[in-house]
**Q** 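Below you'll find the structure I mean.
Heavy-atom basis, side chains included; hydrogens, waters and symmetry copies ignored. Here the structure is a predicted model, which is why all the values come from computation and not from measurement.
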Amino acid sequence: MPISTLRRYGAPLFVAVLLAGCASSDSDTYSGGTGAGVARASTECQNNPDRCIYKGRYEKGERAYAEAEAKRLNQAQIDRLRRLAAK
């Protein structure tokens, strides 16, 4: 491979890889991101649940939505555990 070809395509490729790595960083731990950031947030909530409980006021309809979502997630977890126990 000639050095001119390496210069022409190598530097932009390096910059693209560098930017892709920065874009996938773990800075969105609590903002609904995926991967290790969410796992770390979940572990922190398990270790200290008071940090993850919202103690402020709810907007209109927000409390009902939160309770319905909690029921849905709890039911999904129960179903998952039942499937695992049946195996």
Side-chain angles (χ1 to χ4, degrees):
M1 178 181 289
I3 194 76
S4 62
T5 304
L6 184 60
R7 260 191 227 148
R8 182 179 299 151
Y9 298 113
L13 183 62
F14 175 75
V15 171
V17 169
L18 184 66
L19 290 175
C22 293
S24 67
S25 72
D26 225 9
S27 63
D28 58 343
T29 302
Y30 296 102
S31 64
T34 59
V38 172
R40 181 178 31 217
S42 176
T43 304
E44 288 175 10
C45 290
Q46 288 173 356
N47 293 338
N48 188 3
D50 289 337
R51 286 187 65 197
C52 300
I53 296 174
Y54 179 71
K55 295 179 180 140
R57 301 182 111 211
Y58 287 99
E59 292 180 13
K60 183 178 181 179
E62 187 178 12
R63 183 180 187 101
Y65 170 78
E67 289 175 357
E69 185 67 7
K71 281 182 185 178
R72 186 189 69 78
L73 292 172
N74 286 338
Q75 188 60 49
Q77 185 68 4
I78 289 169
D79 294 344
R80 182 182 155 274
L81 291 172
R82 284 184 181 150
R83 281 193 308 272
L84 289 174
K87 286 185 180 182

**Q** Residues two or more places apart in sequence or in another chain: which of them pass side-chain contact (heavy atoms from CB on, under 4.5 Å) with Ile78?
**A**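 Here the qualifying residues are Gln75, Arg82.
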**Q** Mind checking what makes salt bridge (charged side-chain N to carboxylate O under 4.0 Å, His left out) contact with Glu69, not counting sequence neighbours?
**A** Arg72
**Q** Excluding sequence neighbours, so at least two apart, what forms side-chain hydrogen bond (donor to acceptor under 3.5 Å, both in side chains) with Glu67?
**A** Arg63
**Q** How would you list, by chain and number, every residue that makes a side-chain contact (heavy atoms from CB on, under 4.5 Å) with Arg83, sequence neighbours excluded?
**A** Asp79, Arg80
**Q** Who pairs with Asn47 by side-chain contact (heavy atoms from CB on, under 4.5 Å), at least two apart in sequence or on another chain?
**A**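 Listed in chain order: Thr43.
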